[in-house]
Every structure is written in structure tokens, then in C-alpha cells.
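One structure is given below, encoded as C-alpha cells.
Chain letters run A, B, ... following the sequence lines, proteins first, then strands; residues in each count from 1.
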Amino acid sequence: MSESSPEKERPLLEVRQAGKRFPGVRALHRVDLTLNPAEVLAVIGENGAGKSTLMKILAGVQEPDEGEILVDGQPVRIANVHDAMRHGIALIHQELNLANNLDVGANIFLGREPSKYGWIDRKKIREEAKGFLAKVGLNVDPDTLVSRLSIGRQQMVEIAKALSTNARVLIMDEPTSSLSSGEAEQLFAVIKELRAQGVSIIYISHRLGEVKELADRVTVLRDGENAGHLDKDEIQHDAMVKLMVGRDLSQFYPHEVHEPDEAVLTVKDLRTPVHPAHPLSFSIRAGEIVGMAGLVGAGRTETLATLFGVTPAVGGEIFVNGELVNIQTPRDAIRAGMALAPEDRKAQGLVLEMSVRENLSLASLNRDQKGGFLNRQAEDAISEEMIGRMRIKTPHDRQIVRYLSGGNQQKVVLGKWLALRPRILLLDEPTRGIDIGAKQEIYALMEELARDGVAILFVSSEMEEILGMSDRALVMHEGRITGELKREELSEEAVMQLATGRGGAKAA
Amino acid sequence: MKRILGILGLFLAVYVLTWLLADVFSGSDRASFMTEYNHVNLLKRVGLYGIISVGVAFVIITGGIDLSIGSVVCLVGVGLPFMLTELGWPVLLAVPVALGVSLVIGLAHGLLITKLRLQPFIVTLCGLLIYRGLARGLTNDQVYGFQTGFKGLKQLAVWRLPITDSFGIPAPFLIMVLIAIVAAIVLNKTTFGRYLMALGNNEEAARLSGIQTDRMKIVAYVICAALAGLGGMLFVLDTNSAAPADFGNFFELYAIAAAVLGGCSLRGGQGTIAGVIIGAALMRLLYNTINLLPWIPNNIEFAVIGTVILAGVTVDELAKRVAARRRAAQRDA
Amino acid sequence: MYFLRRVAVLGLVAVLSLSLGGCGGGGESTDGAGEPGGGESPGRFAFVTNGVADFWTIAEVGAKKAAEDLDSKVEIAMPAAGIGDQKRMIEDLLTRGIDGIAVSPIDPDNQTDLLNQAAERTHVVTHDSDAPASNREVYIGMDNYLAGRMCGQLVKDALPDGGSIMILVGRMEQDNAKRRRQGVIDELLDRSVDASRFDPPGQPIKGDKYTILDTLTDQFDRVKAKANAEDTLSRYPDVSCMVGLFAYNPPLILQALEQAGKLGEVTVVAFDEDEETLQGIKDGYVYGTVVQNPYMYGYKSVEVLKALHDGDTSVIPEDKFINIEARQIVKDNVEEFWADLNQKLGK
């Protein structure tokens, strides 16, 4: 442990050698974590690195299989959320947990309402709520309905609610993921103020810029294990990335420079039903990998959905290989040579209760059918080819897809499409929630397909992925394409500027 | 095959138990259950109810439901003798019209459910009311029957394939077997069947894979209504007359219960034709058991049948969980 | 979603306006007409049955004929979905201010309140099946118990040396079904005339010569009714007689016997006048049937209601029972009866 804090006080919270297994996955293995009083500790790592599991253990949502937790130097057991609350630990979820139909005061004291003769003491709720709201700098009446507040203000209510339980440790899981930049700034100010008041904060984020601004120390997790610790001055972008991915970026992303060919997909003034006011125009060439960056809700997923005919366009033209195509359904898009690996693979990409084999062949059945009957030989061939080529780890091709790991499930989705040999591959968050090994395999596959002349358009919320994989990046903000960055122009700052709509100026 | 073992076991258990209680230990020297006559009746009933159960299985596999089956049975069951005796139409016109009406009903259900996105429960519940009302209005609440005529047409319900001098397989059972074989082939060997299974499990994923899910669902509702119509025809040919007010009441529930007993999940995406047939057979066997065992009062039959269905579905669910755990363990290893 | 909600709201509005319109329309025409002895208006009466059957179609003809003769109006209400449906129909009729209701209660013991409530607002008579505990003014019909005994007499005539009998009926909770069945049983056991006896079903009832094996019900499901007949043949291969107490039972018994090749071997005794039953009597497969006179139920009901409406209470006899006698139809008189029936049905 790089315990380099000079403070003599003993740590407020300590995790020693924590381990946790889920069926088929080792989520945590001998993980240590130390939190001192009145500090902001950032916990970073790729998706699937074990951050969420660790936080759930601290908040009493899950119990560790191994290891111990110490509060004020005393070993404690945190079996449920109540225990966590008793030890002063509160978790603020990524998806806020407020009751929209109740007012602010009622939310702050939900489940712990002060009462008088068995009746809820509304007066006391009002008064005390005001005090906690002041602590987080939120100037709203406690009687306001939560549903009337912006997401940023709702988050402040959530923090006030945590403070009302006398929390000494606040765990924030990706708190800025759905905030505007102004709201994020406000949140940072509140965090710093709370630290000054003696509250400790565990801050989980993969936005390294924020981490650099806020964190006193950084703990990095990778594949469920400690990957290293960084102290104040060591908290630098490259150092964090290196610890997160375990090697230099150039090694992790197998990017080669492609020689892009003719434009395969050209979009002119395409208007999606979600953002009909903002016509989109861009084109993708054969053998090119184009990243699509932006904040959550910028309209990237909607753009892919419209291209693929899931939510048909309300205007504009789509050309494939120079020919105008009319895409009203996914079937039309597939005919035009497109394939889409959707963001939510369990809900949209896979038939979970069917076998690997049946999922792999699903899109090709129509092509291979013999007078309406299934073509078993063709199905065998696809199944065998894709399990081998994608290195899908499954005991046999009759295994039900539900029982595969996230990475292998994603490989099944991709395999289903590759069986059709698409010319245009649309990928929505292709590596979300899958482990590092599978990620690399998917990157390698993208490279291989680009080499073969497939045009790839991928949406990603992971900055590293955008930077590492794109020949070119399109950045979206509130339904528009705010900029296009060539590989040599790509940088985190440039992408963030366009993604937050802060400047038309491209960082060169 | 593994998936129908549970229901098959239950069926055999009830079968053997009925035989023991009704014949072997009944104290009477004459068998009542294990007779050729009783088995002819049982096979006939399994055939009649099996046909409508296979129909609803297609709809249930898509994750839908059809509550209008009983009313379609009624509309066709009353309509056929109405056309033949009241209107004096020839058989070769009346039968195609009866089946055609069923097809149109199924098509209407499918279109409303897919194109207007109405819920299947509501659409077919309204169908249940509408077709019953139509049947009653059409006939002015009169009972219609074939009297002593139409012996040829009635062969569809009363003819038997002779096996011995006194035993023959009744025509409705043969028709059901034919339908079941075709249905099983469609479900397991064609792209349509695979698509139905896929969209029943995850319609969105199926649609994103280029499957025309709406068209598949419409076809499923057409199959269901057509088989309900065919069932209605055979039912009325068997009873010889039908009253529009009560003919086919509850038949949709018998069909759905048989499908669920046979392993169809109301969430969709699951089910085998063999299971559904055994489910229908089990229900008919239970009614027969209750009638043949003097010490089971006739009026608790619903309670008996409800209990057995519940037991069957519970055992099935537990078996699935064990299988799921085994698979999870397999992956872990 | 929005569209769906709008459709739902529109539908609701349509239903409400229809039902309100219905109420309003009925209300206007009732002025004072509901009062007993309320005067000279021609009168609007309702004839409520206990279900839907050919039997009631004949009654309908009678009721309409009476209305025509007496220059008044009659509505026929046939509840298709049992007791709840019948209650709803009666309530709707009351809401609309009908001048008199003739009803065949499905479950008299439990409908007393409903009938009393109706009797407060208009004239109520019962037909076909009585509700003696209620305030109905008169019962028009036959004594189902005595008719049941007539049916039992037919069994005795058919099987003078005794035998085993199975009874098949739609529902047991109906008073007429209970009394018919009890009449059959009491006659076969040569008991005294006492309609208050009740032998529960489920076990054989043994007499000197005759054994009543059981009573099977089918809840008006014809497929089930036929299965009951078939299973009777399975369970009691040597059954000597099957008695069908509801109009549709005998034809289904005949179907089952025909398919089992036992036509003529098992005696069939029937109730009511289904065409197949009558044909069975002609062909010799049915020994006989007991028929009511539904035409007269309908005719007499309207006639009595009209008299009551005009303030004439002399039509009500002391015992509040207007007997419409049942008849036994056997091979000798079936032709004549059938011809008369067809004439009334307009066939």
C-alpha cells in the first residue's frame, strides 16, 4: 500500500483484502482501500473493474466473501443498508433514488419521518430540511415537488438526504454523468465545501478531468484488483490511464492507420424523430472507423437507431454506395448492408432464452432458408465459424445465451451480424460492461473488419475508446453534430469542448 | 423431449391412478375406465380440445393471448348449422364460409394488435363479447342443429378408424394428430417457427435482427382463430346442435390451461406442441376421472382440475430452476 | 400512448352518454304508469326468462300474442349469463319504469330481495319457477314437483320390472330442477307427495325396484352434457334408463347412445319438447317426455299483468298459483302435439 498520507490520525474507513465472487465472475480479489477523514478519494477503473461492487459492499447492498471492513479502526460487519447508515456511510446512486411524487422535505426524511403522537411532524420536517438544504447550497422550498427540480438539483436533494443521516462518508457513483457543465461546477463546489466541513467523499468517475480537479488521492482498480494508488501531485491523466488499462494506450488500442476508400454511407440532412430540428449530415468511407462522442442524451444512440430503421427518419436522405436507400425498418437497413449492435444488448441485441447457435443464425435464417424451412447445414456452418472466429467461450453451441458472460454475449451479437457480411457496421457502446480481455478482442475485430473494407461507426461514452479507436470522431451535443475531429486533432479537451457545446473552436 | 417429461409423468400418474381406483379396486367386477368405449370417448375429446389448444399455443408463444376462442367456437358452431338448415346453403359453401370467417377474425385480431398496438388481452376480450353477441343476434338466440341430416359431414366427428371390431380411433383425434404434426414441423423446422420463438422471447431483438415481427404475429393469430373455427365445427358436429348463449363458454380457458400445462409460458417464447397435446389430454382425463369415481362429487370438478394444473405448473417451474442452476454451475466450472 | 388514452376516454364518454340516454328515455314514458291501479294506459310489460332456449321462444310467441290481443306491449329479456345477468336486466327494467314484470327466477331463495324491491315499484309475477318467499303477486306455471312425478311415472311405464336410472340436468341450484328431480325420485320410490324432501346427489338412492344411480350436471355446456352421458355409459354399462331433465339433455343422450351403438338398449325419458326428443319418441328411442306449456306461460303472464295494471285483482286465485298443466307425450300423441307446436312457432 502506498500509504503516503502524512496525517497521524487513523483512517476513517478501511477495506482490507476484500474479495467477492459472482457465478462465473471474480468481481473483487484482495482489494484494499483507505479513506481518511475530510478527504476526497477518487476510485477509478474501466467498466467491470470492480468499482461498483466495492461500493455496494461499503453501502451494505452486498456482503464480501472475504476480507474485512474497519470503521475508526474497529472491524465492523455491514450486512445491510441500515448497518451502513449506522456507521455513517451513504451511497448516492448513479440513477437517483428519489420519490418523484413527494416533496423535497418528505424525500429527505423518507422512512425516518419525525413524528408526534404517531402523526408525521410536518413542521419539524420543514425546519430540519431547510438546514440540510442550506448545507448543499440549494435554495428551494422543502415543499417543492421533486419532479419539478432539474436533475442537478435533485442530486443536491439526494446529498442533503445523505447528510441528514449524519453521514461521514459519501459515496458518489458517476455523479456528473447526467449533469450539464454548470451543474457539475456547482456539484464540485458543494463537494469541496463538504470536505471543509469534515465529510469524506469517495468519488467514482471515469472522467479523468474531474478526478484531477477534485481528488486528494486516487485508487485505481483493474479486473477486480488494486492496480495502484496516486497521491495529489501524481494525479495526472497519463498516469491514471496507464494504471487503468495496465499498459500504455498505444499498446491497448491496436490502432493502425487505415487507407479509407470510397464513401459507403452518406447521410444528408437526416432528421431523427427525437431531434427533428437538427438535420445531420456526415459520411463514412469503406475501411474507416468513425467514433461518435458526446454526453448522455446528446442524440448518438438515436442517430444510430434512425440509420438502422428502428425509429425511421422524419426527413433527409441516406445513401449507401452512392445509391439513395429508403430505410423504414431494420429489415430495410439490413438489405442495404447495415448491421447494428445496440447499446442494451440484453434488451435489444439478444434473445436471451435461446441458444448461442440460434442467436448467431437469427439474422441469416432468411437468406439461408430452403423454401421456408431452416437450413441446418448453413446454421451449423455459421455457428461453428463464429464461435471459432469470435472466440466465444461456451461449453457448446446449444448453451442458452443468458448464461454467458457480458463479453461473450457481445461477441454473439457481433457474430450474428458478421454472418451477414455487412458493409456498414453500427456499434453502440460496443464494450460497455465487459471485461478488459474481451474488450481488446473486440477492438482487434474492429481493426480486422476495417482492413477488410467495412465502414464502422461506433458510439462510445468512454473517452479513451474514442481517442484510441477512431480514425475520425463526430461529436454530438443536444441533437447536433457540433464538430468533427481528425485523428491528429483528437484530444480529451477537444472532444469535451464540443460535447459540452462550449465552443465551436476545435482544439488543434 | 426433456421439457415434456414432467407433464407426461403427471398424465401417466393420473391415468394409472384412475385405472386402479375406477377398475381394479372399485369392488365391481366390470371395468368402467379401461374399456374400449371409454377410450374412444377420451380420444375424441382430446382431439376436439387439442385442436383449439394447439391454436392458442401459437399465440401464447408470441407472448400474446386469445380470449375469444370460446366465442369463435360458438360463432362457427352455431353458424354452421344455421347456414345449412336455416339458409339451406350447400355444405361446400357453408364449411368454407365458416372457416373463412375464422380466418378474418384472426386477421382482424392480428392487425389490431400489431398495427394499432392494442393489447392482445383487450382485443381478444372484446372479440369474446362481440362474436358471442353476433352469434346470438344472427340466430335470434335459437338453438340450431343438424337434426338427423348431414350424415356425411358428421363423419368428421363420428367416423372411426377401425382398429379392432369394437375399437376405432375417432376422426377428431386423427384430425388433431395431423394438425399437431404439421404444427410441430412449422414450429421446429421452419424459419417462421424460429422467428415466433425469437420474437416471443424478445420482440425488440427479433425486429432488430430484420424479422418482420408484425407479420409473424398476425399469422399466429390467424392460425389460432382458424383452429378455433375448425374446433367449433367439429364440436357442433359432435353434439349435433348448439345454443348461441352457452356453446363454447370457457373453452378459451380450457385451451390456455392446456397450453400452459404443456409448458407454454404466458411470457412467450416457450412451448412444444407435444406438451400442449398432453396438457389437453390431462384435462380431459381429469374430467373423465371425476365422472367415473363415484366418491368424487361432481360439483368440485373445477377445484380438482385447478389444483392439478397448479401442481403441474409448480413442478414445471421448480424443474426449470434446477436446470437453470445446473447450467449456471456448468458455466462456472 | 396519448392516442390510446384519448380513444379510451372517447369510449367511456360514448358508453356513459348511451346509458344516460337510455335512462332518460325510459324515465319520460313512465309518468305515473308504475303506480298499481294506475289507470287506462295500454301498459308495457316485461317477460324475463332464466336463460336462452327454444322453450322460451315458444313462451315469447305466447306473450306477444297476449300483448297483441290486449293492445299492450311486451318486451322479452333472456339473460344469457346466469343470475347476475338476470338481476341486471330486472334492475334496468325497473329503472325504465316498466308496468309489470313476469320473471322466471334462476335462484328464488336468494333473489327474494330483488323481487321484493321490484314488487315495490311495479307488478311482479313469477312463471315457470316460483319464489314463494317473495312478494310476487302470483305464480303462473306448473308444479315442477308434480311434473317430475309425471316423468317418474313414464319411467315406471317404460320399465315395469324396475332398473337403474341416471338423471342428467343442467344446474341443480334452480328450483325447478330440484323439484323435477325430487318428483322423479319420489315417484320411483313410491313415496308420498311431499315436495320438501331433498336427496343429495353423489350416491345411489335405492328403492324396491328402482335405483337412482346419480345426478350429473353440466352448467349448460353441451359438450360437457354429452360427456356426462358418455361417461355414464362407461361407468354403468348396464344402466337401464337415462332421464334428461333440461330440454337439451335428451338429444345429447341420444347422440351418445347412437355413437355407442346403444340406441334402443337404454331407455330415454325426457323433459320438454326439443325436436330431436320428439323425433326420438316417433322413432321409438325415447319412451316419452313431459312437456310444459310455455306458450301459455307467456300468454297468461301478460294477461295477468295487464289485468293487475288495470286494477283488476280478481285474476289472482286464493293460493296465488295459476296452474298451467304439464302433459305426458308418448308415441300415441306425439304427432298431434308436434303439429300444434309447429303451428305456434310459425314453422
Side-chain angles (χ1 to χ4, degrees), chain A residues 21-26 305 308-310 329-335 338-342 344-355 358-359 361-376 379 393-396 398-405 408 413 416-417 420, chain B residues 1-3 61-63 114-115 182-217 219 263-272 317 320-333:
Chain A
R21 286 183 68 86
F22 296 111
V25 187
R26 195 181 63 183
F308 198 64
V310 183
T329 65
R331 194 179 160 84
D332 297 335
I334 292 166
R335 282 217 185 107
M338 295 191 204
L340 169 70
D344 187 343
R345 75 180 78 92
K346 287 185 181 177
Q348 300 183 308
L350 294 166
V351 182
L352 283 178
E353 303 302 332
M354 289 176 101
S355 66
E358 286 166 321
N359 271 282
S361 64
L362 192 58
S364 318
L365 291 178
N366 194 41
R367 180 194 62 192
D368 297 337
Q369 63 165 316
K370 288 193 217 152
F373 283 84
L374 298 172
N375 182 342
R376 296 279 174 193
E379 219 181 341
K393 285 182 205 107
T394 174
H396 43 75
R398 312 272 163 165
Q399 173 72 314
I400 301 297
V401 166
R402 174 181 293 284
Y403 303 112
L404 297 186
S405 69
N408 282 304
V413 174
K416 172 177 77 178
W417 291 120
L420 276 181
Chain B
M1 205 57 212
K2 224 189 277 175
R3 288 153 85 182
I61 283 171
T62 70
T114 56
K115 301 301 174 194
V182 172
I185 290 174
V186 165
L187 213 50
N188 296 306
K189 305 278 178 196
T190 67
T191 53
F192 170 68
R194 180 70 64 78
Y195 289 164
L196 274 192
M197 285 287 184
L199 80 90
N201 273 307
N202 188 341
E203 189 173 348
E204 183 73 358
R207 201 165 78 88
L208 290 188
S209 299
I211 296 168
Q212 293 169 302
T213 52
D214 283 359
R215 197 174 290 184
M216 304 299 143
K217 279 163 87 174
V219 174
C264 289
S265 160
L266 289 183
R267 284 186 284 271
Q270 273 177 24
T272 59
E317 182 61 36
K320 268 186 211 150
R321 276 197 213 157
V322 171
R325 218 168 290 156
R326 219 176 275 157
R327 281 186 192 256
Q330 193 178 15
R331 182 192 61 179
D332 241 9

Notebook entry, point to check: Pick from Arg376(A), Lys393(A), Gln369(A): which one has the most heavy-atom pairs with chain B under 4.5 Å?
Noted result: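 With the most close heavy-atom pairs to chain B, the winner is Arg376(A).
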
Margin query: Which one wins on heavy-atom pair count under 4.5 Å against chain B: Leu350(A), Thr394(A), Val413(A)?
Written below: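 It is Leu350(A).
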
Next item on the list: Find the one option among Ile185(B), Asn201(B), Asn188(B), Leu208(B) whose heavy-atom pairs under 4.5 Å with chain A are most numerous.
Entry: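 Among Ile185(B), Asn201(B), Asn188(B), Leu208(B), the one with the most close pairs to chain A is Leu208(B).
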
Check: Highest number of heavy-atom pairs under 4.5 Å with chain A: which of Ala205(B), Gly210(B), Gly200(B), Gly193(B)?
Finding: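 Heavy-atom pair counts peak at Ala205(B).
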
Notebook entry, point to check: If we only count heavy atoms from C-beta on, is the Arg194(B) to Ser361(A) side-chain gap below 4.5 Å?
Noted result: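 In contact.
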
Next item on the list: Would you indicate whether the side-chain heavy atoms of Val310(A) and Arg207(B) approach each other to under 4.5 Å?
Entry: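 Side chain of Arg207(B) against side chain of Val310(A), heavy atoms only: contact under 4.5 Å found.
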
Note to self: So for Ala347(A), is it side chain, backbone, both, or neither that comes closer than 4.5 Å to the heavy atoms of chain B?
What the structure shows: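 For Ala347(A), the contact with chain B is made by the backbone alone.
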
Checklist line | Interatomic distance, Leu365(A) atom CG to Phe192(B) atom CZ [nearest 0.5 angstrom] | finding: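 If we round to the nearest 0.5 Å, Leu365(A):CG and Phe192(B):CZ are 13.5 Å apart.
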
Notebook entry, point to check: If you round to the nearest 0.5 Å, how far is OG of Ser209(B) from CD of Gln348(A)?
Noted result: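 Interatomic distance, Gln348(A) CD to Ser209(B) OG, rounded to 0.5 Å: 11.0 Å.
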
Notebook entry, point to check: What pairs with Asp214(B) under side-chain hydrogen bond (donor to acceptor under 3.5 Å, both in side chains), at least two apart in sequence or on another chain?
Noted result: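 Partners of Asp214(B) by the side-chain hydrogen bond (donor to acceptor under 3.5 Å, both in side chains) criterion, ordered by chain and then number, come out as Arg117(B).
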
Next item on the list: Considering only NZ, NE, NH1 and NH2 on the basic side and carboxylate oxygens on the acidic side, decide whether Arg267(B) and Glu353(A) come within less than 4.0 Å.
Entry: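 The answer is no: the pair does not qualify as a salt bridge.
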
Check: Of the non-hydrogen atoms in Ala198(B) and Leu362(A), which two are nearest, and what is the gap between them?
Finding: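 Nearest heavy atoms, Ala198(B) then Leu362(A): CB-CD1, 3.9 Å.
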
Check: Measuring heavy-atom distances to chain A, does Leu199(B) have an atom under 4.5 Å in its side chain, in its backbone, in both, or in neither?
Finding: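 Neither the backbone nor the side chain of Leu199(B) comes within 4.5 Å of chain A.
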
Margin query: Keeping Asn202(B) on the side-chain end and Lys346(A) on the backbone end, is there a donor-acceptor pair under 3.5 Å?
Written below: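 Yes; judged by distance alone, with no hydrogens or angles, the pair exists.
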
